[in-house]
Amino acid sequence: ATYQSIAQDENRPGLYRESLLLTFPVEIAGEGEPEEIVVESLGTPCVTMHTDLAAVRGLTLRHNAGFGGHIASAVDFPGGALTLERCIIT
């Protein structure tokens with residue numbers, strides 16, 4: 001798949017308390033500065049990719065690794081091609 005044929009999603013400024021599960025080719029792009037668009041996860045990765053091709057652009061990925069006694073990485077992708085561009089990972 002190419003980025004021309006995959007789904008696209010734009011995120012507006014704000015705090016999103018969730019994890020992103022990428023199960024099909026997708027491009028997720030922030031609308032604004034990365035500092036203004038925060039995806040915050042508690043005990044699970046901010047981004048988990050289970051697809052061959054994905055891109056995440058212009059987001060802050062805030063990972064609270066030790067929450068609830070769970071240890072996980074901020075980004076988990078066992079295979080495929082994941083592009084992280086203009087992202088802040090904390």
Check your understanding: When hydrophobic residues are tied together by side-chain contacts of less than 4.5 Å, even through go-betweens, does I88 share a cluster with L82?
Key -> no

Practice item. Work out which heavy atom in A55 is nearest to a heavy atom in R57; give both atom names and the distance. Key: CB-NH1, 3.2 Å

Point to revise | same_hphob_cluster(L15, I28) at 4.5 Å side-chain heavy-atom cutoff | key: no

Review point. Are H63 and S41 close enough that a side-chain donor and a side-chain acceptor fall under 3.5 Å?
Key: yes

Check your understanding: When rounded to the nearest 0.5 angstrom, what distance separates NE2 in H50 from CG in D76?
Key -> 6.5 Å

Practice item. Report yes or no: do F24 and V47 belong to one cluster of Ile/Leu/Val/Met/Phe/Trp/Tyr joined by side chain heavy-atom distances under 4.5 Å? Key: yes

Check your understanding: Shortest non-hydrogen contact from T51 to T23?
Key -> CB-C, 3.9 Å

Point to revise | Pairwise distance OG1(T90) to CG(L61) - rounded to 0.5 angstrom | key: 8.0 Å

Revision key, fill the gap. Side chain to side chain contact (heavy atoms under 4.5 Å, CB included) test vs Y16 passes for just one of V38, I37, T60, namely I37

Review point. Out of curiosity, L59 CG to I89 CD1, how far, rounded to the nearest 0.5 Å?
Key: 10.0 Å

Revision key, fill the gap. Shortest non-hydrogen pair, C87 vs V56, comes out as SG-O, 3.4 Å

Practice item. Taking all non-hydrogen atoms of both residues into account, name the closest pair between M49 and P78 and its distance. Key: O-CD, 3.4 Å

Review point. Which atom names give the shortest non-hydrogen contact between G32 and R86, and what distance separates them?
Key: O-NH2, 3.6 Å

Point to revise | Distance, nearest 0.5 Å, that separates CG of L42 from CZ of R62 | key: 10.5 Å

